[in-house]
Amino acid sequence: MNQDVSAELPTRTQIAELIIRPRHHRDTFEGWQHFRTSRGMPAPPPMLTAAQRGLLPADRRADYDLLRRLTNVNLPIQQTPMSARVARLINRRLNGNVLKQDDPTLSGIMVSGSGNHGKTATVCAVTAAFEDTWLDLHHSLNPNAIEGTLDLHAPVVYVQTPVTASPKSLCQAILNFFGPQPRQLTLPQLIRQVAASLRDHGVRALILDDINRLRMHRADDQDVLDLIRSLMSFQVTLILTGVNIPGMGLLREAKWDARKRQWILPPLETTRVHGLEVTQTERRFEMVELDRFRYGTNREIEAFTDHLRGIEVHLRLMNAKQGMLTTGTMPEYLFRRCEGVVGILGRLIADGAQEAMDSGRELLDETLLDDIVIGREDRSEGHAEEQSEAVVRQPRSQRRPGRNAVFDDRGPRPETATA
């Protein structure tokens, strides 16, 4: 038994490679290709009981525990009902735009939502799958080369909006995806080079992440928005992601429609009075909100429980029982702790799994997770003993569920914004 299990484990060299290999960020061609070709890795090690683990040689036990820890902190990216809705829209827009023959300006998408909702993960997963399909199509046409492209064929380009954005810095960020670029170029030269690079490298989708870094009261940021509009005529699909896009001024003040569960843009005053058309940004972009899990109906409860089940089968804890996260009061407890936010749930589970290994308990329960502080429960403004005794002494299970909610029952709270 122990020899068979040892043979299934990666070698120490392979484990070291998984952990300490250089990591390229997705905003470079090499980093994006690594993400695209390795997403979903590493594979979890076999599930062992404590007795089976004890049969392993000492060095292999250490390797096995390191693999378990690596697995427990890298939870699988699962599709949720909310991310599936976003994925359908992105796929529809991408697949439609690449088939258009004569449209001079391609429509884009804005993906909004609060932090830790999985916007970047969802957008990158969908566009990486699109790139797989697009490359297969090109391979069928010409297995050895892509006619009309230079050096790198990059159907998808991922760029983070510069912290202090300007038209020049955004152009340089796009060009840097393909490699270091000369800095001594004027803005018109940079724009021409961006247009040439997108065309020459066969780019079909351009992701601009963290677009919420723009502040529309700044003249430079308004110029960046003008540049983004111009990029839409370069035959690429723009996908903008950011926190609270409706409140940052890229669009007019939007209102949340609880029935349709999406942001609705009211008509312009000038449209009613003067008959003018809406702005190009509003016409050409469709905005979608990546919401959190909810727990009010049987369908919503089932979706959240299914997500927990996907996490549960991935975890490697030796005393874990089937239904550890999905039976009893645990689903309600986890929902109350994370308020339905996927990223916060992941941090809670990952931190809890490490504590379960370190303490030797090797399972997750409410008592263990009560000691894990995450997200808005962070007590950085004071230690637990410095907080109100009533809050500290009150059992977590009796605390008001939505005390830190970012969303209310009507959906995200739109911030007032002036365009």
Side-chain angles (χ1 to χ4, degrees), residues 26 77 79-94 106-127 158-163 165 170 205-217 221-222 224-225 228-229 231-232 237-266 278-294 338-344 375-376 405-419:
R26 297 176 194 178
I77 298 176
Q79 188 174 77
T80 68
M82 304 81 71
S83 66
R85 177 168 171 261
V86 175
R88 286 194 298 271
L89 173 59
I90 295 175
N91 275 322
R92 187 166 66 242
R93 185 67 66 245
L94 278 174
L106 299 180
S107 299
I109 297 171
M110 293 183 181
V111 181
S112 183
S114 292
N116 289 294
H117 280 200
K119 298 179 295 299
T120 299
T122 298
V123 168
C124 289
V126 175
T127 51
Y158 172 91
V159 175
Q160 283 195 317
T161 305
V163 175
L170 180 59
L206 174 59
I207 303 168
L208 295 181
D209 201 3
D210 294 324
I211 197 68
N212 51 284
R213 289 175 175 172
L214 296 183
R215 294 293 181 264
M216 300 318 296
H217 64 278
D221 290 6
Q222 294 177 22
V224 170
L225 181 56
I228 290 173
R229 292 191 186 106
L231 292 175
M232 302 177 78
T237 300
L238 289 185
I239 304 175
L240 314 183
T241 73
V243 174
N244 188 26
I245 290 178
M248 58 177 289
L250 281 181
L251 301 166
R252 299 188 310 278
E253 179 182 354
K255 295 184 179 180
W256 179 255
D257 188 312
R259 184 177 63 84
K260 296 182 178 180
R261 302 213 57 76
Q262 66 182 22
W263 291 96
I264 302 298
L265 293 170
V278 295
T279 68
Q280 182 181 9
T281 307
E282 294 160 5
R283 286 198 310 267
R284 289 295 184 177
F285 279 99
E286 182 172 354
M287 185 171 63
V288 61
E289 182 82 20
L290 186 58
D291 204 352
R292 63 182 176 95
F293 277 107
R294 296 182 182 276
C338 72
E339 298 171 345
V341 178
V342 172
I344 296 179
R376 291 192 171 208
V406 180
F407 295 77
D408 58 26
D409 293 337
R410 295 167 294 177
R413 299 176 186 143
E415 301 288 340
T416 300
T418 55

Who passes side chain to side chain donor-acceptor pair (under 3.5 Å) against Thr122, sequence neighbours left out?
-> none
Which pair of non-hydrogen atoms, one from Gly113 and one from Glu289, has the smallest distance, and what is that distance?
-> CA-OE2, 3.2 Å
What's the spacing between Arg85 CZ and Thr80 OG1 if we round to 0.5 Å?
-> 11.0 Å
Distance in Å, Arg284 CZ paired with Ile109 CD1, rounded so as to fall on 0.5 Å steps = 13.5 Å
Within a strict 4.5 Å, meaning less than it, do heavy atoms of the Ile239 and Val126 side chains meet?
-> no
Has the side chain of Arg213 got a donor or acceptor atom that lies under 3.5 Å from a matching backbone atom of Ala165?
-> no
What heavy-atom pair brings Cys124 and Arg26 nearest, and what distance separates the two atoms?
-> SG-NH1, 3.2 Å
Would a 4.5 Å heavy-atom cut-off, applied to side chains only, mark Thr127 and Leu94 as touching?
-> yes
Could you pull out the closest heavy-atom pair between Ala87 and Gln79, with the gap in Å?
-> CB-NE2, 4.3 Å
Would you mind reporting whether His117 and Val342 have side-chain heavy atoms less than 4.5 Å apart?
-> no
For a side chain to side chain contact (heavy atoms under 4.5 Å, CB included) with Met110, tell me which candidate from Val288, Leu238, Ile245 qualifies.
-> Ile245
May I have the step-by-step check of side-chain contact (heavy atoms from CB on, under 4.5 Å) for Thr161 and Val224, ending in yes or no?
-> CA-CA 10 Å; Thr161 305; Val224 170; 5.7 Å; no
Atom of Leu206, atom of Leu231 and distance for their closest heavy-atom approach | CD2-CD1, 4.0 Å
Could you give the distance from CZ (Arg93) to OG1 (Thr237), rounded to the nearest 0.5 Å?
-> 8.0 Å
Min side-chain heavy-atom separation Leu290-Ser83 under 4.5 Å | yes
List for me each residue that meets side chain to side chain donor-acceptor pair (under 3.5 Å) alongside Thr120, sequence neighbours excluded, and say none if there are none.
-> Asp209
Measuring from Asn212:CG to Thr241:OG1, what's the distance to the nearest 0.5 Å?
-> 7.5 Å
Side chains of Ile211 and Ile228: closer than 4.5 Å at any heavy-atom pair?
-> yes
